[in-house]
Amino acid sequence: MSEQNDILFRSFKLGDLTLPNRIVMAPLTRSRSSQPGDVPNELNVEYYRQRAGAGLIIAEATQVSPQGKGYAFTPGIHSNAQVEGWRQITTAVHEAGGRIHLQLWHVGRISHSQLQPNGETPVAPSAIKPKGAQTFITAESGMIDISEPRALATDEIPAVVEQFRIGAENAKRAGFDGVEIHAANGYLIDQFLRSDSNQRTDEYGGSVENRLRFPMMVVDAVIGVWGAERTGIRVSPTGSFNDMRDADPVGTYGAFAKRLNEAGIAYIEVVEDSFQGNLEKGRPQQVIDAIRANFKGPYIGNGHYTADEARQRIEAGLCDLASFGRPFISNPDLPERFRRGAPLNEWDSNSFYGGDERGYTDYPALGSTSQS
Ligand code: PHB
């Protein structure tokens with residue numbers, strides 16, 4: 001297929017950014033920041049620089065505050081050292097011709113008191129411990145059960161919104177092109193959104209409108225820093241990872257999409273089929289349709305897409321762009337491979353989380369001599 005005719009390489013206007021292709025690098029936790037302080041480092045610079053051919057890189061989930069941390073070695077965006085570390089990354093990606101957003105993250109209940117400041121109890125909308133959720137607190141700990149969480153008091157919630165606002169400001173100082181709000185995969189915002197994890201009886205729980213209150217406060221705060229054109233969001237309406245479920249995903253996510261549309265957010269990225277588990281087999285088309293009907297802006301589809309499936313779904317209007325996770329781990333030059341129809345390197349899941357350059361920056365790119 002010639003490049004002009006390959007829809008993956010038709011440029012796309014995302015907010016006020018022009019992307020040269022429709023292939024987005026999904027946010028991927030790799031747990032390789034420097035200690036102490038969860039600071040991005042030279043190895044992380046090399047990893048992102050290698051992947052600058054993506055239409056847009058969405059950098060890994062990054063805690064907006066010490067309280068927002070849930071795993072060892074994930075990076076933060078709340079200290080000056082972290083901002084400086086990230087600045088090296090954004091500079092390298094820009095010099096290599098790429099664009100990069102930061103994913104703003106608060107894990108809520110998916111944490112352990114030993115990862116929390118002063119050994120505090122992790123916070124959540126409700127004091128409900130998800131079944132089977134695990135984390136690791138040191139390189140040696142192995143996977144261990146998360147702690148029993150406590151419910152945030154009503155008057156504590158504005159300060160958590162403020163954590164996101166400060167994270168957004170720090171991301172700006174670090175030179176990102178924009179930010180993505182992490183509202184997926186059973187972390188704090190998702191915990192407020194879905195009916196099973198949010199059993200609150202105040203104005204932040206109960207009705208859909210109430211469950212959307214905290215998520216929309218975060219959206220408004222981040223848009224206040226970046227503008228709607230540079231703010232995106234990620235959701236996982238039927239992801240079961242971290243013991244999540246909702247009584248009515250079509251109702252919840254249809255209403256959320258409508259509010260996001262009113263806010264003018266630049267895009268919605270939807271985890272349609274999570275590698276960590278989905279409540280529905282395959283893609284939840286009813287929920288996807290409800291989101292598409294209510295949110296008129298760009299839609300990034302995610303979850304087990306092949307290149308051809310991405311082309312077909314874009315052609316059919318089911319999504320505008322497609323994000324790829326694991327294929328980007330093992331193929332730094334994934335867009336180029338898609339363009340040429342070249343074979344893909346396989347990923348090694350043993351080196352996803354933590355460790356060194358092995359399984360991180362040592363996956364080979366195609367040779368410089370073109371076979372096409
Ligand atoms: C993980 O570290 O396992 C993880 C982090 C963020 C996600 C999903 C999984 O959104």
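Below, each value reflects all heavy atoms present in this structure, side chains not excepted, and no hydrogens, waters or symmetry copies. Just so you know, ligand 1 is whichever comes first in the structure, and atom 1 is the first atom listed for that ligand.
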Residue and atom name of the nearest protein heavy atom (relative to [atom]), distance in Å to one decimal:
| atom | result |
| --- | --- |
| atom 3 (O) of ligand 1 | Y353 OH, 3.6 Å |
| atom 9 (C) of ligand 1 | Q276 NE2, 3.2 Å |
| atom 2 (O) of ligand 1 | T29 CG2, 3.3 Å |
| atom 8 (C) of ligand 1 | N185 ND2, 3.5 Å |
| atom 1 (C) of ligand 1 | Y187 OH, 3.7 Å |

Subject >> Pair R292 + D289: basic N to acidic O under 4.0 Å >> reply: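 Salt bridge between R292 and D289, a charged N being under 4.0 Å from a carboxylate O: no.
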Subject >> Salt-bridge contact D320-R22 (side-chain N to carboxylate O under 4.0 Å) >> reply: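 Judged by the 4.0 Å cut-off on N to carboxylate O distance, D320 and R22 do not form a salt bridge.
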**OP:** Identify, by atom number and element, the atoms of ligand 1 in contact range of H182, meaning under 4.0 Å from any of its heavy atoms.
**Re:** 6 (C), 7 (C), 10 (O)
Original post:
Quick one: are the ring centres of Y204 and F214 less than 6.0 Å apart?
Top reply: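 Here the rings of F214 and Y204 have centres that are no less than 6.0 Å from each other.
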Subject >> N/O donor-acceptor pair under 3.5 Å between R32 side chain and N44 backbone >> reply: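 A pair under 3.5 Å: no.
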**OP:** Please test R313 against E272 for side-chain contact (heavy atoms from CB on, under 4.5 Å), starting from the C-alpha separation and ending with a verdict.
**Re:** CA-CA 12 Å; R313 289 185 78 83; E272 298 170 348; 3.9 Å; yes
